[in-house]
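Before any comments, here is the structure.
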Number of protein chains: 2
Amino acid sequence: MDGHGGEKLLFLTDEQLRQGIEAMFFAYRGFTSDPDRILDDYAYGRAHHRALHFINRSPGTTVNNLLSILGVTKQSLNRVLRTLIEDGLVEARVGDRDRRERHLHLTATGRALEAKLSDAQQTRMRQAYRTAGPEAVAGFRRVLEAMMDPEIRRHYAGLAE
Amino acid sequence: MDGHGGEKLLFLTDEQLRQGIEAMFFAYRGFTSDPDRILDDYAYGRAHHRALHFINRSPGTTVNNLLSILGVTKQSLNRVLRTLIEDGLVEARVGDRDRRERHLHLTATGRALEAKLSDAQQTRMRQAYRTAGPEAVAGFRRVLEAMMDPEIRRHYAGLAE
DNA sequence: AACTTACGTCAGCCTTGTTGACTTTCCAAG
DNA sequence: CTTGGAAAGTCAACAAGGCTGACGTAAGTT
């Protein structure tokens, strides 16, 4: 693409970097605050939201798959998953090919809550995008992608593995 | 500045918004991972890092001030602050004008750890900035700022209150 | 038959958030 | 000078959500 093209000199003072760091901190708080408020009404937390999000994104994903995306232990995930299954938001189907695997799907109820949560988050993001403008959005995404760990980047943007 | 200038139509599909949301999630993980690894070596957590960061940014800040920036309860902050003071990283000086207030300062040891932590974080951010390019950095900052809660934006960028 | 993988579960621990109640200190207004 | 209230600290109890370690079971794989 632009390869060397955009290689202007970047004069980055410590102060500018510090502001970038704080921007991440404060923005992430805003980013999670809307779903958090909704989750309070149910007895769920951020961990439940994350599970709902990624199951919705990749229906039929296995437990192991979800573990590597979320980067937590199976004990942590299981605690969350169990309540979601008990409450009828998530369905765990035994695998056809490999019957050890559990393929995770959202039920209608699960999809409803996921939609509610992601609507709130999308509204904020859409508003931020509109305020910042189209070029800003592209830059935002580029910096975020460059900030991820490489192994994590694999899981990003719906890349099948 | 450019006001209406950048108001092209923004066609934002749900898929694009979802990818932005995931980018925030994955990038934030990367963003915190380096300091987290360092903190493990001491017996500290992310909460200690945040306190060190903001005390370093605004030396002499009061506890109440810090509370409103961090958005936690005084009991939560106090637990963290107490260990930092006991361990000699933070000094709480009784206020001159108002002797109820404690003005927080980093000791030499505290500054050393803060520097170590922020170096790690700055290195990642600098690398991401370099990969993404200068225009991307500006966009990144604009979107993040637009994503913050307005009350929080007051605390941002060293605005004195 | 033995090994490995996928998943679930029990027990226990830590950090970091919460609420509620209470005390001490101390400024400032009556 | 007294009193009200703000600032700060502390104790206790609790919850979410991470973690480790150990164990069990079903089901593929060799």
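First the proteins, then the strands, lettered A, B, ... as listed; each starts at 1.
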Polar side-chain contact [X]-[N] base: donor and acceptor under 3.5 Å:
X: A:Q75; N: C:dG12; answer: no
X: A:R79; N: C:dG8; answer: no
X: B:R100; N: C:dT25; answer: no

Separation of atom [atom1] in [X] from atom [atom2] in [N], rounded to whole Å:
X: A:L66; N: C:dG8; atom1: CG; atom2: C1'; result: 15 Å
X: B:H48; N: C:dT15; atom1: NE2; atom2: C1'; result: 9 Å
X: A:H103; N: C:dC7; atom1: NE2; atom2: C1'; result: 12 Å
X: B:N64; N: C:dT25; atom1: CG; atom2: P; result: 19 Å
X: B:D36; N: C:dT15; atom1: CG; atom2: C1'; result: 12 Å
X: A:L77; N: C:dC7; atom1: CG; atom2: C1'; result: 11 Å
X: A:K74; N: C:dT9; atom1: NZ; atom2: P; result: 11 Å
X: A:R102; N: C:dC7; atom1: CZ; atom2: P; result: 8 Å

- request: Kindly give the heavy-atom pair with the smallest separation between B:R93 and B:E91, and that separation in Å.
  value: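 Closest approach of B:R93 to B:E91: NE-OE2, 3.4 Å.
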*Flag the pair B:D149 and A:R124 as a salt bridge only when some basic side-chain nitrogen lies within less than 4.0 angstrom of an acidic carboxylate oxygen.*
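Here B:D149 pairs with A:R124 in a salt bridge, since their nearest N and O are under 4.0 Å apart.
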*A:E145/A:R142 salt bridge by N-O under 4.0 Å criterion*: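 Looking at A:R142 and A:E145, the cut-off is not met.
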Hey, does the side chain of B:R50 come within less than 4.0 Å of C:dG17's phosphate (OP1/OP2), counting only N and O?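 For C:dG17, OP1/OP2 do have a side-chain N/O of B:R50 under 4.0 Å.
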**Q.** Side-chain donor-acceptor contact under 3.5 Å, B:Q127 with B:T131
**A.**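 Yes, a side-chain donor-acceptor pair sits under 3.5 Å.
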- prompt: Regarding B:D87 and B:Y44, is there a side-chain donor-to-acceptor distance under 3.5 Å anywhere?
  reply: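 B:Y44 and B:D87 do have a side-chain donor-acceptor pair below 3.5 Å.
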Q. Between B:R18 (side chain) and A:H53 (backbone), is there a donor-acceptor pair under 3.5 Å?
A.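 Not confirmed, B:R18 side chain does not pair with A:H53 backbone.
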Next on the checklist: Go nucleotide by nucleotide along DNA chain D from the 5' end; which of A:R97 and A:G45 gets its closest nucleotide reached first?
Outcome noted: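 First, find each residue's nearest nucleotide; the 5'-ward one identifies A:G45.
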Given that A:R99 and A:S76 both sit by DNA chain D, which one's nearest nucleotide is further toward the 5' end?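 On the 5' side of the pair lies A:S76.
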query: Angle class for the B:F25/A:F54 ring planes (parallel below 30°, perpendicular above 60°, tilted otherwise)?
result: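 Because their plane-to-plane angle lies in the 30° to 60° range, the rings of B:F25 and A:F54 count as tilted.
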For chain A and DNA chain D, what are the first and last nucleotides along the strand, 5' to 3', with at least one atom under 4.0 angstrom from a heavy atom of the protein chain?
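Using the under 4.0 Å cut-off, the span is D:dG17 to D:dG28.
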*To the side chain of A:E101, which of C:dT18, C:dC27, C:dA6 is closest?*
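Ranking C:dT18, C:dC27, C:dA6 by closest atom to the A:E101 side chain puts C:dA6 first.
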Can you identify which nucleotide, out of C:dT16, C:dG17, C:dG8, has its nearest atom closest to the A:N78 side chain?
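So the nucleotide nearest the side chain must be C:dG8.
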